Amino acid sequence: MLNIKQIASESFALLSYVLTDPVTQESVVIDPPAGMGDHIDLKALRVKTVVNTHIHPDHTMGNHLFADRTPILAHSGDSGFFHRMASSSLSALFTARIPPKISFTLSEGTMLSLGRTTIRVMHTPGHSPGSICLFWPGNLITGDTIFVEGIGRTDIPGGSLSDIRRSIERILALPEDTRIWPGHYYGGRYTATLKEIGPSLRRIAESIR
């Protein structure tokens with residue numbers, strides 16, 4: 001069973017994650033914030049990889065903290081030139097740093113091993129072309145695909161209502177005891193089970209049809 005550390009940042013109401021295997025003490029960092037060092041001892045982390053659920057700058061601003069230590073991965077759907085340049089430019093503006101290279105090697109079904117746990121990449125476009133969720137038994141990190149109280153915006157470049165509807169339907173097919181770990185705490189709620197938020201997600205999906 002992985003240890004899950006949820007990091008809440010006041011800026012952007014962002015939620016980031018450090019998943020750690022209790023035996024190997026290796027970690028996967030998800031969507032690191034720029035101020036991650038205020039929440040955790042970065043030098044003590046044995047980071048295996050960093051994963052961006054998508055490359056909007058609020059989810060990538062802490063990538064530079066790991067640039068010389070580990071690969072930084074994202075889905076190939078976000079690798080388009082204009083999408084990549086826009087995100088990099090905004091990240092540089094917010095952090096006053098040149099963003100490190102992201103390896104766009106993740107795809108639907110990619111398996112990430114952490115100790116004895118296998119984390120599966122689910123491609124869930126809609127908020128961005130390369131948005132992903134990360135699933136392992138009982139848990140789903142959702143980035144900006146869904147939140148506890150809503151879904152990610154689609155009225156931005158690369159957003160798609162039809163895509164996010166299909167992504168919501170995929171999430172609803174998971175076991176209802178799956179715990180949702182979103183990318184933001186909009187509304188003040190940090191986590192919930194799929195059983196708790198399933199009815200509202202279904203209503204949202206049906207309203208998009």
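Along the sequence shown, the residues carry numbers beginning at 1. Everything numeric in this text was worked out from a predicted model, so none of it was measured.
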Decide yes or no for [X] and [Y]: does some side-chain heavy atom of the first lie under 4.5 Å from some side-chain heavy atom of the second?
X: Leu42; Y: Arg69; value: yes
X: Leu114; Y: Trp136; value: no
X: Ile141; Y: Leu19; value: yes
X: Leu2; Y: Asp21; value: yes
X: Lys101; Y: Ser103; value: no
X: Ile40; Y: Lys5; value: yes
X: His184; Y: Leu14; value: yes
X: Met36; Y: Phe66; value: yes

Under the side-chain contact (heavy atoms from CB on, under 4.5 Å) rule, what do Thr193 and Asp177 come out as? Steps first, then yes or no, please.
CA-CA 6 Å; Thr193 64; Asp177 63 348; 5.9 Å; no
For the hydrophobic clusters of this structure (ILVMFWY residues joined by side-chain heavy atoms under 4.5 Å, transitively), does one cluster hold both [X] and [Y]?
X: Val29; Y: Ile7; result: yes
X: Ile30; Y: Val47; result: no
X: Leu174; Y: Ile146; result: yes
X: Ile208; Y: Leu172; result: yes
X: Leu134; Y: Tyr17; result: yes

Once you round to the nearest 0.5 Å, how far does [atom1] of [X] lie from [atom2] of [Y]?
X: Asn139; Y: Thr117; atom1: CG; atom2: OG1; result: 9.5 Å
X: Ile156; Y: Ser128; atom1: CD1; atom2: OG; result: 7.5 Å
X: His127; Y: Asp78; atom1: NE2; atom2: CG; result: 9.0 Å
X: Ser16; Y: His59; atom1: OG; atom2: NE2; result: 7.5 Å
X: Leu194; Y: Leu201; atom1: CG; atom2: CG; result: 7.0 Å
X: Arg116; Y: Thr118; atom1: CZ; atom2: OG1; result: 12.0 Å

Can you pull the side-chain hydrogen bond (donor to acceptor under 3.5 Å, both in side chains) pairs that have at least one residue in residues 42-52, sequence neighbours excluded?
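Qualifying pairs, neighbours excluded: Asn52-Asn63.
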Would you say the side-chain atoms of Asp31 pair up with the backbone N or O of Gly143, donor to acceptor, closer than 3.5 Å?
no
Backbone N/O of Gly138 and side chain of Thr178: donor-acceptor pair under 3.5 Å:
no
What closest approach, in Å, do [X] and [Y] show between heavy atoms, and which atom pair accounts for it?
X: Ala74; Y: Ile55; value: CB-CG2, 3.9 Å
X: Gly77; Y: Pro129; value: O-CB, 3.2 Å
X: Ile171; Y: Cys133; value: CD1-SG, 4.1 Å
X: Asp155; Y: Arg153; value: OD1-NE, 2.9 Å
X: Ser27; Y: Thr20; value: OG-OG1, 2.7 Å
X: Pro182; Y: Thr142; value: CA-OG1, 3.2 Å

Check whether the side chains of Arg170 and Thr124 place a donor and an acceptor atom closer than 3.5 Å, and report yes or no.
no
For side-chain contact (heavy atoms from CB on, under 4.5 Å), just list the numbers for Arg120 and Glu108, CA-CA rounded to whole Å, side-chain angles, deciding distance to a tenth of an Å, and then say yes or no.
CA-CA 8 Å; Arg120 176 165 60 91; Glu108 169 66 32; 4.2 Å; yes
Verify the neighbour count for atom CG of Asp68: are there more than 12 heavy atoms of other residues, nucleotides or ligands below 6.0 Å?
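No, CG of Asp68 has 12 or fewer neighbouring heavy atoms, counting only those of other groups under 6.0 Å.
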Check Glu206 with Arg202, please: is the shortest side-chain N to carboxylate O separation under 4.0 Å?
no
Using side-chain contact (heavy atoms from CB on, under 4.5 Å), reason through Thr60 and Ile72 one step at a time and then give a plain yes or no.
CA-CA 10 Å; Thr60 64; Ile72 301 170; over 6 Å; no
Candidate pair Met122 and Thr145, rule side-chain contact (heavy atoms from CB on, under 4.5 Å), full reasoning:
CA-CA 11 Å; Met122 294 176 60; Thr145 300; over 6 Å; no
